[in-house]
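Scroll down for the structure; my scribbles are underneath it.
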Amino acid sequence: MVKWSYADPKMAEQSERVLQMLLHHGYEAYWVGGCVRDELIGRPVHDMDLTTSALPEQMVELFEHTVPTGISHGTITVLLHGYAFEVTTFRIDGTYENHRRPEEVTFVKSVVEDLRRRDFTMNAIARDTRGRYLDPFAGQQDVERGIIRCVGDPEERFEEDALRMVRCIRFASVFDYRVMHNTWKGLLNKRDKLSFVAMERIRVELEKVIAGAHPLKGLELLGRSKLLTYAKAAVDCSRFNRMLVRHMDRIPSVEVHLRWTLLLYSGHFSVAEAEQCLRNWTFTKQDKEQICDILKLDEEIKELINILEANDIGNPDLMKKQRVQWMSLVLKFGIVTAKRWIELHTLISQDEGHEVNEWMKLCSRWNTEMNAFHLKELDITGREVMALSGRAAGPWLGQMLNHLLLQVAVGVISNHKESLIREVERVDNNHG
Ligand code: ATP
Ligand code: MG
């Protein structure tokens, strides 16, 4: 068995069985692309792609469970013991139109031809079932030196498929590699071709930059190359405030939404602008909401409490009022968003002064003092409230329930049926 130090041993074993099966039937077959590269770099291997001389229909014959993932491009997925492997026939791409990957491909006999069509030398290495690396473009050497280099002539390669320029910056950023001089020069000369590439494909790469280990490096390269000013939804990276963005490295990569919020915050994006921008960048609705909710909370809180300017910590009456206002915002936006907002301002408090930090500590304390977060936690149902008030459902009901929730959250009333009933009656009486 071939030794993989950075791949799940079971996944490696099953993928090797796929390769053996192909070899046994007289085809050539290798591991290729990201998995080989990550093994050489020493990063966790997430999936294992395979390449073979077998044609898709021959693979379908050979394996019991297959999915025709991209038959026209030569790719089928082989399912084996809970693992899925994309197996692609050796191929070269057809003619490139509009600087995008072509729809048509041509199957070829030689693995080296297949490797030649790949973007960077480190992505153009194959590995065989004896563990040997097939590395016609010296990708291993580039990995050792920490270099991103195009396979072949950079200008040609970027001209063919302009997305490769974003991938170039993505890899340099995530791996903290240098871009080889000629490759960088090619990128600068061909950057205007990015306007032909679908925003969705660009967004996928940008997400990897921001979620990666060195997002600042990626932003720096994007800024220096001005690459994104040529995208369909153009972005001028000089807008992002470097002093603020530099804190991004301190946000754990699992908190990727907060990283995006920091980026937009640093560029003084209003909520409306941020929403438009993320929509243009084809972010999903869910991601857009998670990112923009923090900005929304920020806008609302600044209106309500003027928290970032007030120096009234210690004024008891004001504090009481602000505690309630804070808690009502936590109920509105949810505790996750509230915590992210605190994290954002704690991070940048160095730039905004000591007072902000004090406020963030206070907000965190207020969070821990909250007695409820959701309507479903209340010891009373909407139905019960309707029966008590003797009224049909309507907007008043939501208002009443939210009122009860806030009263419970801040600790004015306890979350017991009797006190909740008393509060409903009190409000009803007050409103006649
Ligand atoms: P990741 O680890 O993020 O998946 P990857 O290099 O595996 O990175 P994929 O998009 O999965 O990226 O592509 C698999 C392989 O296909 C790459 O390693 C590369 O060899 C080749 N490839 C992908 N995109 C391109 C492209 N635009 N031009 C040329 N070759 C590409
Ligand atoms: Mg991959």
Side-chain angles (χ1 to χ4, degrees), residues 6-8 11 15 30-52 69-70 73-75 77 83-103 105 108 111-127 133-137 139-140 142-143 148-175 177 183 186-187 190 193-194 196-198 200-214 218 227 253 256:
Y6 297 92
D8 160 17
M11 172 169 69
S15 61
Y30 305 87
W31 286 282
V32 76
C35 65
V36 179
R37 176 202 65 216
D38 289 343
E39 173 75 12
L40 287 167
I41 295 181
R43 309 173 72 235
V45 171
H46 294 295
D47 45 27
M48 299 182 110
D49 293 336
L50 314 177
T51 184
T52 178
T69 317
H73 290 83
T75 303
T77 300
Y83 292 93
F85 304 104
E86 285 198 357
V87 193
T88 304
T89 308
F90 298 160
R91 63 164 217 229
I92 51 173
D93 293 325
T95 34
Y96 292 83
E97 265 169 51
N98 288 332
H99 318 285
R100 281 180 287 211
R101 254 183 166 172
E103 285 306 312
V105 302
V108 293
V111 63
V112 175
E113 281 307 293
D114 180 278
L115 294 175
R116 195 188 304 282
R117 71 162 166 97
R118 294 170 185 269
D119 46 9
F120 304 106
T121 56
M122 62 178 180
N123 288 341
I125 310 171
R127 194 175 194 200
Y133 293 100
L134 200 77
D135 181 14
F137 309 104
Q140 287 181 89
D142 287 343
V143 164
I148 314 282
R149 184 205 306 267
C150 282
V151 174
D153 178 61
E155 290 205 8
E156 266 174 39
R157 304 313 308 282
F158 292 143
E159 170 92 27
E160 286 170 356
D161 180 356
L163 182 75
R164 290 173 186 152
M165 296 187 282
V166 194
R167 282 173 62 85
C168 173
I169 289 179
R170 187 255 279 197
F171 289 121
S173 165
V174 174
F175 302 159
Y177 276 18
T183 297
L187 187 153
K190 292 295 169 185
K193 299 294 185 289
L194 192 69
F196 291 90
V197 178
E200 193 181 354
R201 295 177 77 205
I202 299 176
R203 189 252 307 154
V204 169
E205 297 297 331
L206 290 184
E207 282 188 299
K208 291 185 180 177
V209 170
I210 297 300
H214 309 280
L227 183 58
S253 58
V256 65

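We use all heavy atoms of the structure for the numbers below, so side chains are in, but hydrogens, waters and symmetry mates are not. Both counts, for ligands and for their atoms, begin at 1 and track the order of listing. Throughout, residue positions are numbered sequentially from 1 according to the sequence presented.
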_Under a 3.5 Å distance rule, please check whether Arg170 uses its side chain to pair with a backbone N or O of Arg164 as donor and acceptor._
no
_Location of contacts on Phe158 toward ligand 1, heavy atoms closer than 4.0 Å_ = neither
*At under 4.0 Å between heavy atoms, which part of Asp161 makes contact with ligand 1: side chain, backbone, both or neither?*
side chain
If we only count heavy atoms from C-beta on, is the [X] to [Y] side-chain gap below 4.5 Å?
X	Y	value
Val197	Met165	no
Arg127	Glu39	yes
Asp93	Glu160	no

_Out of the candidates Asp38, Leu40, Ile148, Val151, only one should pair with Met122 under the side-chain contact (heavy atoms from CB on, under 4.5 Å) rule; please name it._
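Among the candidates, only Ile148 passes.
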*Check whether any heavy atom of Phe171 sits under 4.0 Å from an atom of ligand 1.*
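It does, in that a heavy atom of Phe171 comes within the 4.0 Å cut-off of ligand 1.
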*asked:* Quick test of your reading of the model: are Glu205 and Lys208 salt-bridged, counting only N-O distances below 4.0 Å?
replied: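 A salt bridge is absent here (no side-chain N lies under 4.0 Å from a carboxylate O).
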_Tell me whether Asp161 is salt-bridged to Arg201, with the criterion being a basic N under 4.0 Å from an acidic carboxylate O._
yes
List the closest protein heavy-atom neighbour of [atom]: residue, atom name, distance to the nearest 0.1 Å.
atom	value
atom 7 (O) of ligand 1	Gly34 CA, 3.5 Å
atom 4 (O) of ligand 1	Lys208 NZ, 4.2 Å
atom 30 (N) of ligand 1	Asp119 N, 3.2 Å
atom 21 (C) of ligand 1	Arg118 NH1, 3.7 Å
atom 13 (O) of ligand 1	Arg167 NH2, 4.0 Å
atom 5 (P) of ligand 1	Arg37 NH1, 3.7 Å
atom 28 (N) of ligand 1	Arg164 NE, 2.7 Å

_N/O separation below 3.5 Å, Asp49 to ligand 1_ =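 Such a contact does not occur with ligand 1.
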_Asn123 N/O to ligand 1 N/O under 3.5 Å_ =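 Yes, at least one N or O pair falls under 3.5 Å.
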*asked:* Please compare Arg117, His46, Arg170, Arg101 and report which has the shortest non-hydrogen distance to atom 3 (O) of ligand 1.
replied: Arg170
*Grab the two heavy atoms, one from Gly94 and one from Pro102, that are nearest each other, plus how far apart they are.*
O-CG, 3.5 Å
*Which heavy atom of Leu50 sits nearest a heavy atom of Phe85, and at what distance?*
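Answer, listing the atom of Leu50 first, then Phe85: CD1-CB, 4.1 Å.
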_Contacting atoms of ligand 1, where contact means under 4.0 angstrom from a heavy atom of Gly33_ = 18 (O)
